[in-house]
Amino acid sequence: QTGSFSKEQRQPLPKSICVYIFYHAHALNFWMCIVTKTSVFFTCCMPTLLREQHYQYLKKGLRHLSDSYECLDASRPWLCYWILHSLELLEEPIPAAVASDVCQFLARCQSPTGGFAGGPGQHAHLAPTYAAVNALCIIGTEEAYNVIDREKLLDFLWSVKQPDGSFVMHVGGEVDVRSAYCAASVASLTNILTPKLFEDTPSWILRCQNWEGGLGGVPGLEAHGGYTFCGTAALVILGKEHMLDLKALLRWVVSRQMRFEGGFQGRCNKLVDGCYSFWQAGLLPLLHRAFFKEGESQLSRQRWMFEQQALQEYILLCCQNPAGGLLDKPGKSRDFYHTCYCLSGLSIAQHFGNVDLHHELILGKEENRLAPTHPVYNICPEKVAQALQHFHQLPVPEADQRHGASSADGPSAPAASSGSAEHQS
Amino acid sequence: MTSSGAPKMAESGEEVDVLVQRVVKDITNAFKRNPNIDEIGLIPCPEARYNRSPIVLVENKLGVESWCVKFLLPYVHNKLLLYRQRKHWLEREALVDITCTLLLLNPDFTTAWNVRKELLQCGVLNPEKDLYLGKLALTKFPKSPETWIHRRWVLQQILRQCSALGRSRKQQGEAGQGDAERSQQLSDHLARTLHQEMKVCSDAACRYPSNYNAWSHRIWVLQHMAKGNVKVFHDELSSMRLWVSMHVSDHSGFHYRQFLLKELITELSQAPASTTISTSSPQHRPSNNPHHQGHLQANGEMSGAEGVCEEERQPGFTVVLQLFHDEMELCTDLIQSFPGHETLWCHRRHVFYLWHHWRREHQHHHCTSNGGTESVNLNSTDPGLAKASERGCEGRGDSVNGQLHATDAMEVDAVSLPDPRDTKRLKRGILSPCPPALPSEHSFVSGVLDSCNSPEQRRFARAYKKWLDTVIGQQP
């Protein structure tokens, strides 16, 4: 008897219907979720990851990536990352020709002044920079690594660094905590990180933690799953995660797992969303490690501090499109963003530990197993190791430490930059 | 024309060009005809009626028939990109019209906002136009991050212009009636702008539950346009009472109240002497000095910080106690009226947490009232002391009432809830803005558990009790 029936036993159906009506505004959502969950229970089917369907969906998306037509999408590097990461989690190989095409496309998205933009000819922005570097590291070939102009990338990071330790998302743009994560991620992977570059950044990020324990977009704002992950992961990269109130953060994030759905919400009293399977659940590995470093003795050696099984149920039972691709919640459309983060969350929920200590909890068939993902960068751990190894052979570039348009002066020449397609709500 | 959907007439590139130009012109003319358009929307309409414009204007609502979007958007988008790449020139008027069309269809298209930034900076465009355009876009796209970001940029331009004007007058050494008048006009303008922003945020918050971007913007506006302005914060706290009572699951709305409370408490705990709530319009406080402690006088000027002594600080403290009391009362009312909403319990936690920390910070200050009652020990967990504090509350009730009166006078909304303070006062017969306390919180939880059957409510009540014990109780 697998764990898939234990939820039935914990919560009788009528009460869960009431809870569900409360949470879901649309009757259609409600019925779809109830029907999907209960039909699986009653037909005694094991939850199954629709590998083949997802692979076809991703393959089609990948084909269009290497086309060079002008399109409305100003977030092409993001698409590259979402699709490539989903494929690596499914352990599907990327054809060498496609990989090379993607490298060349991303090279065209790189700005002559450093960093990557949402599309060719646009101005650099930290979000597509993060996505492009991650995508290239997933590809992991010499060609991919060589796309990145490290010297110019460092210049770009300096140009968006602010005196108070924060970063704007692009020259002349606004500050929020995602930028620190994007900057720390690319700087550490490509070995251009210096202490001076991130001076005062940890204390700025710290100010984003509020009384609830989570982090807001800038100091003083409401705690939010996406921002909380970015702030925490950035601090982990900078080795300063202990500066956070870890216990408050832990209290906040575990309260975000929904009792009935099993998935996570982004903020208090909001609805569940599949993408938070990564942004929220992904905090638990980071916290586990942080507590471990502090010498916490009560830590489990088998489980993260969230209900791994319940999350897997939610993703497998409620977030899969039968034609391939994953989604927010029943009734919503599939997209590559949700495909990436639902699968990432599924991977987190399946794999506990690290290289030395590994414990798996796979709900359903063994074929549901995904590759593990690195909880800081969200690409596969081998790819992280490989990239680090490659770039650490190269010297750290000397930066031209011009502090570019600081926010105190206000925005300078407006840039034709792309917005991030990250879903923040 | 076929019956299956896309009209054949719009299939050739040239025809698309003609169609699009016509649509852009129709939109521009609609705004000219009716400067009071207050909402935009998409009209589901899969087929074009032959030769009829897809732009529909009814009363103050502007609609776009959906069939034209797939032609309109890529075309106009492309045109703008070509302009940006310097492959195609566009006149300023055309740029204004095209970006307007684009942003009403897709306000997250950053490039279009950036073009408008340039137009603004060279004086072709009035900042008010962009605030208006943004407001319209938000009626359909209440979350649009780029719209809110652009809005802040525009407001910064406006603020910069205003303070530049103020500085140049001072430099020229102007004095006299004309100057005071202009100064008042300027501050009135800023006050109007501030209130407009509050309205835009409010509307967007109504259109999408827990609208993070709208509420974040609201906070930004107060931080940049009403820094230290106690009156504005009080007004906002009052006017939000009704809103949050009708949106008891809106965590962002309650977070906003937490922000207001925190700001007020900080200001009132610093400012010496009278927190006289003047009825002058809110001033943008140009001082960047965080240590500058003055208070607003009726003419809007800042006075220097006076010597801060205990007696002078007391009215501020009284108001703070009242604030905490009122907020807890509101929270209690809502929790009891609407069982099972996590946000309300979360809000209670925050108010108590704020109170707990404020009390610890000001532990060593004693409040003496004019009536000569004993000093109130804020550490009121001791029942004996709680009695003393009640007496103290009673004694201070008069001056508090005086403050309350002033607060009510600031009620900006014509609609207001029946003041819970009044009903409670009648019930108890005692005047008491009594501070929250652990024992009373525990008895509140017991009360809920005894009387309420909702399983969600009971769970939240128990979780709150656990939080009181584990988080608050264990702090020194």
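By convention in this document, chain letters (A, B, ...) are assigned in the order of the sequence lines, proteins followed by strands, and residues within each chain are numbered from 1.
The candidate with the highest count of non-hydrogen atom pairs below 4.5 Å against chain A, out of B:Ile149, B:Asn106, B:Ile219, is B:Ile149. Highest contact tally toward chain A, considering only B:Ser216, B:Ser252, B:Pro209, is held by B:Ser252 [criterion: heavy-atom pairs under 4.5 Å].
Each of A:Glu222, A:Gln265, A:Arg267, A:Lys270 was compared with B:His251 under the side chain to side chain donor-acceptor pair (under 3.5 Å) criterion, and only A:Glu222 meets it.
Closest approach of A:Asn269 and B:Thr343 over heavy atoms only: OD1-OG1, 2.6 Å.
Not a single donor-acceptor pair under 3.5 Å links the side chain of B:Tyr353 to the backbone N or O of A:Glu212.
Note that SG of A:Cys268 is 11.5 Å distant from NE2 of B:His255, once rounded to the nearest 0.5 Å. Interatomic distance, NE2 of B:His350 versus CG of A:Asn210, reported as 7.5 Å (0.5 Å rounding). One distance of note links CZ of B:Arg84 with NE2 of A:His123; it measures 7.0 Å at 0.5 Å rounding.
Between B:Trp467 and A:Trp211, the ring-plane angle classifies as perpendicular under the 30° and 60° cut-offs. Aromatic ring pairs are classed by plane angle as parallel below 30°, tilted from 30° to 60° and perpendicular above 60°; the pair A:His224 and B:Tyr212 is perpendicular.
Residue contact with chain A, scored on non-hydrogen atoms closer than 4.5 Å, involves the side chain of B:Arg152 exclusively.
The number of heavy-atom neighbours closer than 6.0 Å to CZ of B:Arg92, taken from other residues, nucleotides and ligands shown, is 12 or below. By the 6.0 Å contact criterion, NZ on B:Lys140 is enclosed, its count of non-hydrogen atoms from other residues, nucleotides or ligands being greater than 12.
Within the 4.5 Å cutoff, the side chain of A:Lys247 has no heavy atoms near those of the B:Val471 side chain.
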